[in-house]
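Since the structure comes first, as structure tokens, the remarks are kept for the end.
Proteins come first, then strands; the chains are lettered A, B, ... in the order of their sequence lines, and each starts at number 1.
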Number of protein chains: 2
Amino acid sequence: MLATMRVTTTQSLFDEMLQRIQTGAWPVGQAIPSERSLMQEMGVSRIALREALSMLRSLGVLDTGHGRKSVVRRVSTELLERILPLVCALEPGGSYGQVFEVRLALETPAAGLAALRRTGADLQRLEELANEYARQETVAGHYPRTDLEFHLQVAQATHNPLITTLLNVISRYVIAVQSHSWNSGIPVAWDRAKRAHFSILEAIRAQDPDRARVEMEAHLRYTAALAPAIK
Amino acid sequence: MLATMRVTTTQSLFDEMLQRIQTGAWPVGQAIPSERSLMQEMGVSRIALREALSMLRSLGVLDTGHGRKSVVRRVSTELLERILPLVCALEPGGSYGQVFEVRLALETPAAGLAALRRTGADLQRLEELANEYARQETVAGHYPRTDLEFHLQVAQATHNPLITTLLNVISRYVIAVQSHSWNSGIPVAWDRAKRAHFSILEAIRAQDPDRARVEMEAHLRYTAALAPAIK
DNA sequence: AAATTCAACTGGTATTACCAGATCGGCCTC
DNA sequence: GAGGCCGATCTGGTAATACCAGTTGAATTT
């Protein structure tokens, strides 16, 4: 026997099973062997095995359920969406301005990438959202939602899921804070924002990344400047 | 009793304990009650309790160990560091290129912000790291580490913790993949990278955000182009 | 052939016991 | 009396076993 087995049984099981998933030995979307057969194969107790499984489940890579077999789930962006707010919340000094900086940094090049890669479907969806946004006349809470959807569709058009995920989380946060501060709303700002959306849309339609970047950055900076300095 | 308790015992325990941590009932850095006392207080078996605890542990909010009490840990970036490779590995298109895009998008404006906000201490640290990096002659694995440290120090100089956190995670992953592909290393690339670090340093010293951005973007694009197209 | 039922899976929970690291107080030595 | 040694007893980690409860699918019944 070794001097001391530094890692616990649970940990080694977790590593082993995670590796099987990453290497594709346990393909995504497919069921893994039952707990009973696994504890035989690996020569461990069900306790240790289940603790390792519960770690995988809490990470979102396993979809378990009472009575059915456990299947490997694709760890998609939802995991990041759960984690990022947690990190942002616990990180001290996570003020609005700092989050906005990240949004600006990400979304500006994202607009450029979207201009390069947008498909016909992307363009159509963007058009719909820009029009829907332009139709909004009321001061109702719909405003931030359609605005958000337009921006997220731009992110979607980059066809980079990581960008989409990050912007999803960050934009949601930024817009939530913004709409909170614009309790009454400023009509003239809306008109400008509506025109800005169409400008961005046209740049993306023309597949002009530089113009898309410029328009997006101007739009974001303007809306940010509207929000009265938040703490 | 309710018709059916939809959530499992483990899940409700997890929620309960996570809430205790978030509300501060179980303060960060402090030990939580022992498993035996918890299973008495909550009226559950040790199995369910331990599975919930293992979920907390896998999220990084609990620091458990053999023989000592479990203490509440602050969720730091390490959680993201563990998750991101997983997402990239399992996401079908979550390739190196997509992660690099995010790094480029974030680090370029970060260099600009660093130029505006760097303190004297930031500058000194950057200088040390650039020099240390320049001294590296061997092909040893030190190369990526000092390179990473320089870049992270640039992020640090933005004094935006969210940028620091995100770049910490993303750069780590990008550089890990890069160093993996540069098995032999290309000396001429090193020289260029060393000069690039000094160029960035000088721009930050001069507090010239535009130049810092340009230099950083050029540096990143060059090193990325070196990595032989990684699927 | 279609609907129904039931038996054999599956994962979820509970009980009990023991192992091993960590701790701290009392004891022994100096 | 002060300091180091040591073990009783805390802690979490692992194990074996049993049973509960959804799920499933094949055999049975209509």
* Return each pair, listed once, that meets salt bridge (charged side-chain N to carboxylate O under 4.0 Å, His left out) where at least one residue sits in residues 110-120 of chain A; pairs must be two or more places apart or across chains. =>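 Output for this query lists Arg117(A)-Glu101(B).
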* **salt bridge (charged side-chain N to carboxylate O under 4.0 Å, His left out) pairs, two or more places apart, involving residues 8-18 of chain B** =>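 Listed by first then second residue: Glu16(B)-Arg20(B).
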* Considering residues at least two apart in sequence or located in another chain, which fulfil the salt bridge (charged side-chain N to carboxylate O under 4.0 Å, His left out) criterion with Glu132(B)? ->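 So Glu132(B) forms no salt bridge (charged side-chain N to carboxylate O under 4.0 Å, His left out) with any residue.
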* Looking at residues at least two apart in the chain, or sitting in another chain, which of them share a salt bridge (charged side-chain N to carboxylate O under 4.0 Å, His left out) with Glu51(B)? ->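 Salt bridge (charged side-chain N to carboxylate O under 4.0 Å, His left out) list for Glu51(B), sorted by chain: Arg50(A), Arg57(A).
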Take the protein atom [atom1] of [X] and the nucleotide atom [atom2] of [N], then report the distance between them rounded to whole Å.
{"X": "Glu35(B)", "N": "dG21(C)", "atom1": "CD", "atom2": "C1'", "answer": "14 Å"}
{"X": "Gln11(B)", "N": "dG11(C)", "atom1": "CD", "atom2": "P", "answer": "18 Å"}
{"X": "Gln40(B)", "N": "dT11(D)", "atom1": "CD", "atom2": "P", "answer": "11 Å"}
{"X": "Asp63(A)", "N": "dT10(C)", "atom1": "CG", "atom2": "P", "answer": "17 Å"}
{"X": "Lys69(B)", "N": "dT9(D)", "atom1": "NZ", "atom2": "P", "answer": "18 Å"}
{"X": "Arg68(B)", "N": "dG12(D)", "atom1": "CZ", "atom2": "P", "answer": "10 Å"}

Just N and O in the side chain of [X]: are any of them under 4.0 Å from OP1 or OP2 of [N]?
{"X": "Thr9(B)", "N": "dT13(C)", "value": "yes"}
{"X": "Thr64(A)", "N": "dG11(C)", "value": "no"}
{"X": "Thr10(B)", "N": "dT13(C)", "value": "yes"}

* Asked: Above 12 or not: heavy atoms from other molecules or residues under 6.0 Å from CD of Gln40(A)?
  ->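 Counting neighbours around CD of Gln40(A), 12 or fewer heavy atoms of other residues, nucleotides or ligands fall under 6.0 Å, so no.
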* Within the modelled atom types, does a donor on one side and an acceptor on the other bring the side chain of Arg36(A) and the base of dG11(C) under 3.5 Å apart? ->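 Result: at least one qualifying N/O pair found.
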* Between dG11(C), dA20(C), dA14(C), which one does the side chain of His66(B) approach most closely? ->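 Nucleotide nearest to His66(B)'s side chain: dA20(C).
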* To do: For His219(B), enumerate each residue passing the ring pair (Phe, Tyr, Trp, His ring centres under 6.0 Å) test, keeping only those at least two apart in sequence or located in another chain.
  =>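 In terms of ring pair (Phe, Tyr, Trp, His ring centres under 6.0 Å), with neighbours along the sequence ignored, His219(B) is linked to His151(B), His197(B).
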* Asked: Hey, can you pull the residues of residues 45-57 of chain B with a non-hydrogen atom under 4.0 angstrom from DNA chain C?
  ->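 Those residues whose heavy atoms fall under 4.0 Å from DNA chain C, taken from residues 45-57 of chain B in numerical order, are Ser45(B), Arg46(B), Ile47(B), Ala48(B).
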